[in-house]
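Handing you this structure, nothing more for now.
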There are 2 protein chains.
Amino acid sequence: MTARPLRADARRNRQRLLEVAVRVLSQDGPDVPLEAVAREAGVGIGTLYRHFPTREALVDAAYQGELDRLCDCVDDLLATLAPAAALRAWMDRFFDYLATKRGMGPALRALVASGGNPFERSRQRLTTALATLLRAGGAAAELRVDVDPDDVLVALSGICLAAADRQDRDQAARLLDLFLAALRPAAAGEPRYGRRSQGTIG
Amino acid sequence: MTARPLRADARRNRQRLLEVAVRVLSQDGPDVPLEAVAREAGVGIGTLYRHFPTREALVDAAYQGELDRLCDCVDDLLATLAPAAALRAWMDRFFDYLATKRGMGPALRALVASGGNPFERSRQRLTTALATLLRAGGAAAELRVDVDPDDVLVALSGICLAAADRQDRDQAARLLDLFLAALRPAAAGEPRYGRRSQGTIG
DNA sequence: GATCGAAGTGGAGGAGCCTCCGCTTGATGC
DNA sequence: GCATCAAGCGGAGGCTCCTCCACTTCGATC
């Protein structure tokens, strides 16, 4: 499980690839041929693919920094806003994070979908960020306590990705407001999410 | 605006392509080479692309029938279930519709995203179906009256697509329950969706 | 500083995507 | 029937993706 450290040359190449990827992705958009990235980094395409087996893996690694910032701002938000408002503000940032990377669509969907695989780290961070927000909201009785942060992540990312396709910020804002409503404490007697679904699935 | 009718041979080819597409898509999965579809239909790849400029267009056309069935069942559902429950049941069907076509991911996202373009017909039908359900729910005071069916369609499709990636039906059901909660009438004094967003976007 | 196995490299090659444009054919008017 | 030509056809070609494996390089060991 503890992968031995990369050889020096490999580490160097990996680093170079990442630097080039960040630059090229933001310059030429999300559809740059990976061959171009490899060429620019002065390595063969094979090398790129060994370090980053899929385009998604490369994108994920390239934007690790931004994702970190996104997750790290949770504490700040909670320090300055009431929990529900903090969550709502965080949703906006999450939307921006996804939207600026739109076109890398499959990459991002894979990130959220990852069933315990290469993007585990990223997903884990996001889930943790959401968990913190939800917990604060629960403690303040502003949000439900019976939602799974991972569920929220999936729903939220789906909504954001779909909204990003529409290129309509107003709609995006409305959808996030709407989704936030789902996270408010249920009125007494109202059907609950989580125990035996109302649906006909299954 | 009134496109003149296709020439007889073109109509024939188009039809053949659709029949083959339905068969091949369900047989070999959503990633079949379009060249295979063309070959099987006995036409050149150029012909396929003229009739269906993108893979999405082909998929959409191929599943028009299923989509019709999905939209047509609304009345039945409303006849046998209370509006909110009918909506919930419809969500399940919508999920199935999208899920069986997963892997055609971009195709389906394009369908919902379509800003007045080739999939207009499909989107229109879905929006209408949702509008009917929402109106019934509003009339029965089971659902909000202040939601735009188009917003619901975008959010719903996003959630379904994301959930489908996870391959977890239980989660999908939970997410749909959760989303339904967002559509319940807001408690008095609760922030409303639709007017000036709480968010920082914009 | 020579040896050697493991780690890493790179690019050729097979496959699919989509465009483009010279060729074919159905519809229409005579 | 025949001429005409827009509508339609098809597949070669340029491009990207991703795999695969013979070759190179690192660095541990003596």
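Every heavy atom of this structure was used, including side-chain atoms; hydrogens, water molecules and symmetry mates were not. Below, read A as the first sequence line, B as the second, and so on, with proteins coming before strands; counting in each chain starts at 1.
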Which atoms of nucleotides 18-22 of chain C (N or O only) lie under 3.5 Å from a protein N or O atom, and what are those distances?
unit_1	atom_1	unit_2	atom_2	d
C/dC18	OP2	B/Tyr49	OH	2.7
C/dC18	N4	B/Glu35	OE2	3.4

Mind calculating the distance between CG (B/Leu17) and P (D/dG8) to the nearest angstrom?
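Distance, rounded to whole Å: 14 Å.
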Atom-to-atom span, CD of A/Gln15 to P of C/dG8 - whole angstrom
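Rounded to the whole Å, the gap is 16 Å.
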To the nearest angstrom, how far is A/Leu6 atom CG from D/dT25 atom P?
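Atom-to-atom, A/Leu6 to D/dT25, this comes out as 19 Å.
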Specify the separation, in whole Å, of atom CG of A/Asp9 and atom C1' of D/dT24.
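Rounded to the whole Å, the gap is 10 Å.
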Looking at every heavy atom in both B/Leu18 and B/Ala62, which two are closest together, and how far apart are they?
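Of all heavy-atom pairs spanning B/Leu18 and B/Ala62, the closest is CD2-N, 3.8 Å.
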What's the verdict on side-chain hydrogen bond (donor to acceptor under 3.5 Å, both in side chains) for B/Asp60 and B/Ser122, showing C-alpha distance, side-chain angles and the deciding distance?
CA-CA 8 Å; B/Asp60 179 53; B/Ser122 296; 2.8 Å; yes
Could you state the CZ-P distance from A/Arg39 to C/dG11, rounded to the nearest angstrom?
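To the nearest whole Å, that distance equals 11 Å.
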Just N and O in the side chain of A/His51: are any of them under 4.0 Å from OP1 or OP2 of C/dT9?
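Looking at the OP1 and OP2 atoms of C/dT9, one of them is under 4.0 Å from a side-chain N or O of A/His51.
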Nearest listed nucleotide, side chain of A/Ala10, among C/dT9, C/dG10, D/dC9:
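Looking only at side-chain atoms, A/Ala10 lies closest to C/dT9.
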Give me the atom names and distance for the closest heavy-atom approach of B/Ala84 to B/Arg184.
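Taking B/Ala84 first and B/Arg184 second, the nearest heavy atoms are CB-NH1, 3.8 Å.
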Which heavy atom of A/Leu98 sits nearest a heavy atom of A/Cys160, and at what distance?
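For A/Leu98 and A/Cys160, the tightest heavy-atom pair comes out as CD1-CB, 3.7 Å.
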Measure from CZ on A/Arg11 to C1' on D/dG27 and round the result to the nearest Å.
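Distance, rounded to whole Å: 12 Å.
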To the nearest Å, how far apart are A/Phe52 CZ and C/dG8 C1'?
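To the nearest whole Å, that distance equals 14 Å.
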Looking only at heavy atoms, what is the nearest atom pair of B/Val145 and B/Gly138, with distance?
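So the two residues come closest at CG1-CA, 3.7 Å.
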What heavy-atom pair brings A/Ile159 and A/Leu176 nearest, and what distance separates the two atoms?
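Distance-wise, the nearest heavy atoms are CG2-CD2, 4.4 Å.
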Can you figure out which of C/dT9, D/dC9, C/dG26 approaches the side chain of B/Thr47 most closely?
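Given the options C/dT9, D/dC9, C/dG26, the side chain of B/Thr47 is closest to D/dC9.
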Which pair of non-hydrogen atoms, one from B/Cys73 and one from B/Trp90, has the smallest distance, and what is that distance?
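Answer, listing the atom of B/Cys73 first, then B/Trp90: SG-CD1, 3.9 Å.
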Nearest-Å distance, CZ (A/Arg14) to P (C/dT9)?
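After rounding, the gap between these two atoms is 11 Å.
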Report yes or no: is there a donor-acceptor pair, N or O only, under 3.5 Å between the side chain of B/Arg7 and the base of D/dA7?
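Indeed there is one.
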Applying a 4.0 Å non-hydrogen cut-off, can you work out what A/Ala8 is touching in the nucleic acid: base, sugar-phosphate, or nothing?
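If one applies the 4.0 Å heavy-atom cut-off, A/Ala8 turns out to touch the sugar-phosphate alone, with no base involved.
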Quick check for you: among C/dG8, C/dT9, D/dC9, whose closest atom lies nearest to any side-chain atom of B/Asn13?
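So the side chain of B/Asn13 is nearest to D/dC9.
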